[in-house]
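Proteins come first, then strands; the chains are lettered A, B, ... in the order of their sequence lines, and each starts at number 1. Below, all heavy atoms of this structure are taken into account, side chains as well, without hydrogens, waters or symmetry copies.
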Amino acid sequence: MLFNYTMGRELVHHSTKKRNYSPKKLLAFGVIANLALLGYFKYADFFIMNVNRTAGTDIPLLELALPLAISFYTFQQIAYLVDSYRKETQEYDFLNYAVFVTFFPQLIAGPIVHHKEMMPQFAKLKNKVMHYHNIALGLFIFSIGLFKKVVIADSFAVWATQGFDIEKNLNMIEAWFTSLSYTFQLYFDFSGYTDMAIGIALLFNIKLPINFNSPYKATSIQDFWRRWHITLSRFLKDYIYIPLGGNRKGEIHTYTNLFATFILGGIWHGAGWTFVLWGALHGLALVIHRAWQKLGLRMPTLLAWFITFNFINIAWVFFRATSFESAMKVLKGMFQGDLILPNLNLFSDLGITLGKWSRVYYDSYIGLWLLGGLLVVLVLPNSMRWKEKFKTNYFYLLFTVLGFLAIFMLHRKSEFIYFNF
Amino acid sequence: MISNKTYLKLLFSIFIIIGISVMSYSVNFAKNYPLPIIDHISFDAKMKFIRDHIDINEIDTIVVGSSLALNNVNGVILEENSKTCKHVLNISVWSISALQVEKILELTTIFPNLERIIYSGQFTSFNFANVFKKFDTDFLKKYMQNKLSPLEYAAFIANACKDLSFCKKREEEWKKEYMDNTKFSYLDFDHTGSAPLHIYGKDIIKSRWNRGDGPVQNPNALKALARIADNTQKRDIRFYFIQQPYRQAMIDKSPNIQKIMKSFPIDIAKIIGKYNGTFFNLHEKLHLDDTHFADRSHLNDKGSSIGSQEIAKFIDAKEAK
């Protein structure tokens with residue numbers, strides 16, 4: 001933090017002082033130092049594993065513990081350095097800078113905040129007094145996030161884990177249950193965390209940026225990235241895609257830049273080839289979408305939604321799987337698995353055996369949960385809409401209390417997925 | 001619309017009411033049902049049983065093992081028939097490996113007058129080497145002795161009752177599944193902590209009765225047994241391993257089981273013999289017929305009663321020398 005703060009100040013004041021190095025070199029040094037630290041902790045073992053695999057060497061892995069939230073605060077601080085270089089930062093004091101980097105509600109899993117939207121809030125005197133409306137609103141948003149995480153995401157987690165990590169083979173229905181469970185788990189988990197972060201921040205009168213806007217309603221992949229992890233998309237656009245040239249250097253360059261940005265986005269999520277492939281799939285989809293738009297082609301909205309949702313669902317398989325084998329197991333089940341209907345008691349009483357499902361799926365109401373999950377993400381207003389509608393009345397009071405009751409289901413603990421990134 | 005201040009006052013009042021209600025439910029639950037300690041109800045129930053019913057200064061004999069000790073050794077019969085085993089505690093827990101037995105025996109240092117440990121099992125007890133995911137020996141010792149501070153106990157209850165639906169489920173299951181001695185899940189212990197099964201006729205589960213066991217022994221489990229015998233000797237406590245009866249029909253039809261039933265007594269006697277442990281082959285001694293079994297290896301209360309009398313005789317004879 002001290003290093004980045006000093007570098008930032010140096011970049012801002014560079015033109016006023018005589019130095020024997022250019023600001024560009026200083027920026028490059030700062031960015032490389034941050035990336036080197038991230039690379040060392042997050043990607044060293046991935047690199048060593050690949051060297052060992054290709055060169056047949058036996059270099060021991062470092063097995064370093066990943067510092068919590070390193071991907072998030074590295075991004076935030078790189079953005080600060082780049083903006084300082086662009087002279088877009090103001091004179092911040094170190095204390096406010098330290099709060100900006102370590103602000104605990106969003107430190108671990110975002111939203112990835114920008115100094116421009118945070119530092120003025122920390123400096124504002126008005127934000128240092130108790131604001132009852134913000135406390136009420138914060139508790140309301142927090143309760144939505146808590147409910148999403150503890151009740152919804154953790155329920156889907158059981159079925160996703162069963163399919164990805166435990167079952168050796170999956171029939172077609174089980175495989176679709178598995179992938180869809182993860183699709184919903186990830187959304188409710190991550191957006192639940194974000195809601196909680198936004199809620200806690202509001203208790204301190206700090207407004208965090210919106211990070212999700214009903215992403216599964218997207219009717220194109222571009223639309224999806226405008227709705228999913230919005231602050232990451234913003235960072236990728238401002239600090240990777242545009243510096244690479246964006247769409248200013250012709251169509252081919254635009255496609256290459258899009259693809260490269262998403263490959264990097266994939267790697268940012270995790271040190272593994274499955275993440276690279278996930279990023280590549282999204283990059284490719286964005287390229288195809290852009291080409292489709294250029295050709296002026298149209299598609300019915302419902303079909304567009306269906307294709308987008310299914311593409312996202314399939315791509316998440318690579319994101320979740322711990323190996324290609326595990327991903328292929330689920331995908332093989334989804335597209336080549338046997339179509340086995342559950343052996344419902346109704347039929348077995350008649351002596352008809354329809355087939356055997358894993359008990360985890362058979363004994364549960366997974367079908368209803370998935371249907372419910374789909375309805376929630378497609379029909380109900382998202383938490384940001386609820387935030388806009390919020391009023392201190394009995395309806396919201398009851399809503400908040402019900403959301404907080406989720407705290408009594410904490411036994412089924414599972415950590416937030418985005419803690420890993 | 002209500003004012004922001006009133007809204008918050010109401011909200012926090014509701015939180016306080018909910019908090020108090022949940023606390024009273026949790027305290028009541030903790031009093032009447034086993035709190036989830038390691039997500040193993042048989043273990044949780046045993047810890048609560050010791051805490052509520054056992055005078056740690058009295059215990060001279062501990063019976064340990066899986067269900068082959070919990071159900072097959074009747075502590076009451078053992079006490080009644082033995083001159084040496086006057087105060088028995090059956091600390092056994094379902095389906096645990098030798099490594100888990102080793103962990104449980106770490107807890108027995110709280111019994112100041114302990115003279116002997118009886119490990120009851122069969123070759124099947126060494127087929128696997130499961131471990132407890134979390135096992136805080138110091139905490140459990142304090143819990144068993146009722147020595148947790150009010151704050152520690154409150155934190156324990158709060159942690160255990162985080163998931164009220166889980167507590168509610170356990171409450172329902174407790175009455176339905178664990179109080180019925182015609183089920184293998186029986187956990188209504190007698191005063192020694194044993195749970196003899198009353199499983200006869202229609203209550204016998206065919207698949208359990210007829211299913212054979214694999215003979216492969218896990219080296220880690222056998223190593224754990226050696227460590228148990230060694231540690232017991234170091235603590236100057238007598239160590240016995242009792243090989244429990246096994247249905248003869250199962251042995252007759254499987255060459256693998258015949259083989260292991262021959263080699264197992266030799267191997268175990270050798271392992272524990274190094275540390276002055278004593279091996280007793282109850283299977284060979286009794287040759288019980290099918291009327292004494294609840295399944296292929298678990299005895300019913302008739303079988304466990306006969307077996308426990310024989311164990312009492314054996315230990316008395318051994319210690320009289």
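Inspection of the A/S383 and A/D195 side chains reveals an N or O donor paired with an N or O acceptor under 3.5 Å. Using a 3.5 Å distance cut-off with no hydrogens or angles, the side chains of B/N256 and B/S254 do not pair a donor with an acceptor.
The ring-ring contact (aromatic ring centres under 6.0 Å, His included) with A/H133 is formed by just one residue from the set A/F390, A/F140, A/Y396; it is A/F390.
Atom CG of A/N169 has 12 or fewer heavy atoms from other residues, nucleotides or ligands within 6.0 Å.
For chain A, the nearby part of B/L8 is the side chain; its heavy atoms alone come within less than 4.5 Å. If you measure heavy-atom distances from B/I14 to chain A, the contacts under 4.5 Å come from the side chain alone. Residue contact with chain B, scored on non-hydrogen atoms closer than 4.5 Å, is absent for A/L137. Of the two parts of A/L139, only the side chain, counted from C-beta on, holds a non-hydrogen atom closer than 4.5 Å to a non-hydrogen atom of chain B.
No other option in A/T392, A/L405, A/N393 has as many heavy-atom pairs under 4.5 Å with chain B as A/T392.
Classified by interplanar angle (parallel below 30°, tilted 30° to 60°, perpendicular above 60°), the ring pair B/H40/B/W94 is tilted.
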